[in-house]
Novice: 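Handing you this structure, nothing more for now.
Everything quoted here is computed from the prediction, not taken from an experiment. Numbers restart at 1 for each chain; the letters A, B, ... are given by sequence-line order, proteins then strands. Both backbone and side-chain heavy atoms feed into the values below; hydrogens, waters and symmetry mates do not.
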Protein chains: 2
Amino acid sequence: MRDSSGKTSIWQAIADALRSDLSEGKYAPGDKLPTEAALAERFGVNRHTVRHGISVLVEEGLIRTRRGSGSFVAATPTDYPIGQRVRFHENLIAAGRRPDKRALQIEVRSATEGEAKALQIAPTDPVCAYHGLSLADGQPIAVFESLFPIQRLAGITGTLAKTSSVTEALRLCGISDYTRRSTRLTAVRATAMQALHLQVSEGVPLMKSSSVNVDETSTPVEYGRTWFAGDRVTLTLEG
Amino acid sequence: MRDSSGKTSIWQAIADALRSDLSEGKYAPGDKLPTEAALAERFGVNRHTVRHGISVLVEEGLIRTRRGSGSFVAATPTDYPIGQRVRFHENLIAAGRRPDKRALQIEVRSATEGEAKALQIAPTDPVCAYHGLSLADGQPIAVFESLFPIQRLAGITGTLAKTSSVTEALRLCGISDYTRRSTRLTAVRATAMQALHLQVSEGVPLMKSSSVNVDETSTPVEYGRTWFAGDRVTLTLEG
DNA sequence: TGTTATGATATGTATAGTTGTATAGATTTT
DNA sequence: AAAATCTATACAACTATACATATCATAACA
């Protein structure tokens, strides 16, 4: 059978079969694929052969697997424009996705030297550190840490806990509008904790963004660092 | 093998995260950690995985868990000096802790041979046996049994029931001061009953102290045996 | 007032299912 | 002969679910 004419290996045939299933919309993004055991039974092959086929699609970014849980259809990468006005919520709505944020930790601490410099405050001045997770259609796309100068934004700590929206929180502190002054991008490897939150493997490349947002008087109101999952987000720069 | 490949397991990442939280002082000793369910939600993993991470810190002695109550930051070991003058209350105050005693049982019985010898009384002479629990900041640190020669200390039984303080009870019996004549230390395993009171697992190591306190005339007034929880108390010997 | 009952909450335990990894061997292809 | 492919087996790691058991706060009750 196999050796008669075709040179395609079994694992390749399985990968092709699954790929066409996906392109035909048989499984929607986020859907759970049959278990490896079920697929092995369906194709009449060993489970390892199925795994080989699946690994190809994982490599292509079409499938995400989660140990103990199953294999899932991956969402297509999200376009995320970075320009003068960067708004997470608006950006994702514009990209046709459902945005969501999850607060991981909100604390008040003193700023480090570099943070104080970015925010143009005195070293060791208190800041509100907002640690969280950004999701698109329920899939995590970035972890972030936003720092706010408390002395300029009284009460923002309590506000963040309720809204989880930076724009909203700033508005309630009297900042009706803010613009991005600077953005710096680098590529880093995911730490174990970042990988855990982003549901990727430790060490995969992330895009790290360090940015400063200022109000109408050009006074820094937020210093944010965001780590985007490289295979789920495409940063776009206008111009 | 695992660390060479650079992959950190999830439970290890969680243990690391919690450990750094503790070392950063995010949670003070005695504080309650978030529930396992809350941590599982925060990390986006199953509760069992969180439990695995927590169990590591429990093993390290950084965390104590209490079924039905929660997980708590373990208090650092209490320094307990043993010298000429040993006063439970004073010792713990000096260590910056809140002392407390809980009487478990107070009975009058006849002394055993060894007890009589230690107290220098006739065998089968009646003694007041004071069984109790010592706590620091609400956490049990020792179970003890104090024996008092009734014939020398009339009315001490009723006094103990009120004050629970050995020093106070002896003072009310005319013993204005007492000093320690001897202390013997051994290590034993916690019996089921001791483990229950100390809220530890059966079989964990305890430090057993057998001591004799004498009044100004060098007459024994108390023969005490104390079982300290090994991981919550550090006995210090001056000199 | 003090005791008991009750419900909500939290940890402990058990079982089963799923993906990840390792090892070994057989078969086919190069 | 060597490499790639596939099978077979076993175990580790994580998930999912259910239930047991301990604790705590509160209400009901004597």
Side-chain angles (χ1 to χ4, degrees), chain A residues 1-16 18 31-59 63-74 192 195-204, chain B residues 1-16 18 30-59 63-74 138-140 192 195-202:
Chain A
M1 217 122 132
R2 233 176 49 256
D3 45 335
S4 62
S5 62
K7 297 189 175 182
T8 60
S9 51
I10 299 180
W11 59 269
Q12 240 164 356
I14 291 177
D16 290 343
L18 291 176
D31 276 5
K32 186 177 183 297
L33 293 180
T35 67
E36 294 173 349
L39 289 174
E41 172 140 5
R42 172 191 300 179
F43 292 120
V45 297
N46 189 271
R47 193 184 133 221
H48 284 303
T49 311
V50 170
R51 282 179 59 75
H52 194 167
I54 288 181
S55 72
V56 176
L57 303 190
V58 169
E59 200 72 22
I63 284 182
R64 284 197 312 135
T65 62
R66 193 157 183 212
R67 174 187 287 208
S69 187
S71 301
F72 302 85
V73 181
L196 180 58
H197 283 133
L198 293 174
Q199 296 181 15
V200 298
S201 297
E202 183 177 353
V204 304
Chain B
M1 335 203 169
R2 224 188 56 267
D3 32 342
S4 68
S5 69
K7 286 190 180 179
T8 311
S9 51
I10 298 180
W11 58 269
Q12 223 162 10
I14 290 176
D16 290 345
L18 292 176
D31 277 5
K32 185 175 184 302
L33 293 181
T35 67
E36 295 174 347
L39 289 174
E41 170 107 7
R42 171 188 301 180
F43 292 124
V45 299
N46 190 270
R47 192 181 134 224
H48 285 302
T49 311
V50 171
R51 281 177 62 75
H52 192 169
I54 288 180
S55 73
V56 175
L57 303 190
V58 170
E59 200 72 22
I63 283 181
R64 283 197 318 134
T65 60
R66 270 166 47 194
R67 172 182 223 164
S69 183
S71 302
F72 301 84
V73 181
Q139 185 184 56
L196 180 60
H197 285 131
L198 292 175
Q199 295 179 13
V200 297
S201 298
E202 183 176 352

Novice: Evaluate the side-chain proximity of L39(B) to I14(B): yes if any heavy-atom separation is below 4.5 Å, no if none is.
Specialist: no
Novice: Rounded to whole Å, how long is the line connecting atom CD1 of I10(B) with atom P of dA12(D)?
Specialist: 17 Å
Novice: dA13(D), OP1 or OP2 - any side-chain N/O from W11(B) closer than 4.0 Å?
Specialist: no
Novice: Between S71(B) and dA10(C), is there a side-chain N or O to OP1/OP2 distance below 4.0 Å?
Specialist: no
Novice: For the pair made of CD in Q12(A) and C1' in dT29(C), what is the distance, rounded to whole Å?
Specialist: 14 Å
Novice: Describe the nucleic acid contact of H52(B) in one word from base, sugar-phosphate, nothing, applying a heavy-atom distance below 4.0 Å.
Specialist: nothing
Novice: For R51(A), is there any backbone N or O sitting under 3.5 Å from a side-chain donor or acceptor partner on E36(A)?
Specialist: no
Novice: If the condition is salt bridge (charged side-chain N to carboxylate O under 4.0 Å, His left out), which residues does R42(A) pass it with, not counting sequence neighbours?
Specialist: none
Novice: Of the nucleotides dT5(D), dT15(D), dT7(D), which one has an atom closest to the side chain of N46(B)?
Specialist: dT15(D)
Novice: Could you give the CZ-to-C1' distance, from F43(B) to dC14(D), as a whole number of Å?
Specialist: 16 Å
Novice: In this structure, how many angstroms lie between the C1' atom of dA10(D) and the CZ atom of R51(A), rounded?
Specialist: 14 Å
Novice: Quickly work out the I54(A) CD1 to dT18(C) P distance and round it to whole Å.
Specialist: 13 Å
Novice: R64(B) CZ to dA10(C) C1': how many Å, rounded?
Specialist: 15 Å
Novice: Check this one for me: any side-chain N or O of S9(A) less than 4.0 Å away from OP1 or OP2 of dA4(D)?
Specialist: no
Novice: Could you list all N or O pairs between the protein and nucleotides 21-25 of chain D that sit under 3.5 Å apart?
Specialist:
from, atom 1, to, atom 2, distance (Å)
dT21(D), O4', R67(B), NH2, 3.1
dC24(D), OP1, R66(B), NH2, 2.9

Novice: If only side-chain N and O atoms of T49(B) are considered, is one of them under 4.0 Å from the OP1 or OP2 phosphate oxygen of dT15(D)?
Specialist: yes
Novice: Just the rounded figure in Å: distance from C1' of dG20(C) to CD of E36(A).
Specialist: 8 Å
Novice: Between F72(A) and R66(A), is there a cation-pi geometry (under 6.0 Å to ring centre, at most 45° from the normal)?
Specialist: no
Novice: Tell me the interatomic distance from E41(A), atom CD, to dT7(D), atom P, rounded to whole angstroms.
Specialist: 14 Å
Novice: Taking N and O atoms by type only, does the side chain of H48(A) place a donor or acceptor under 3.5 Å from a partner on the base of dT5(D)?
Specialist: no
Novice: If I take atom NE2 from residue H48(B) and atom CD1 from residue I10(B), how far apart are they, to the nearest 0.5 angstrom?
Specialist: 14.0 Å
Novice: For dA16(D), does either OP1 or OP2 sit under 4.0 Å from a side-chain N or O belonging to R47(B)?
Specialist: no
Novice: For V204(A), does its backbone N or O pair with a side-chain atom of S201(A) as donor and acceptor, under 3.5 Å?
Specialist: no
Novice: How many angstroms lie between atom CD1 of I63(B) and atom CG of L33(B), to the nearest 0.5 angstrom?
Specialist: 4.5 Å
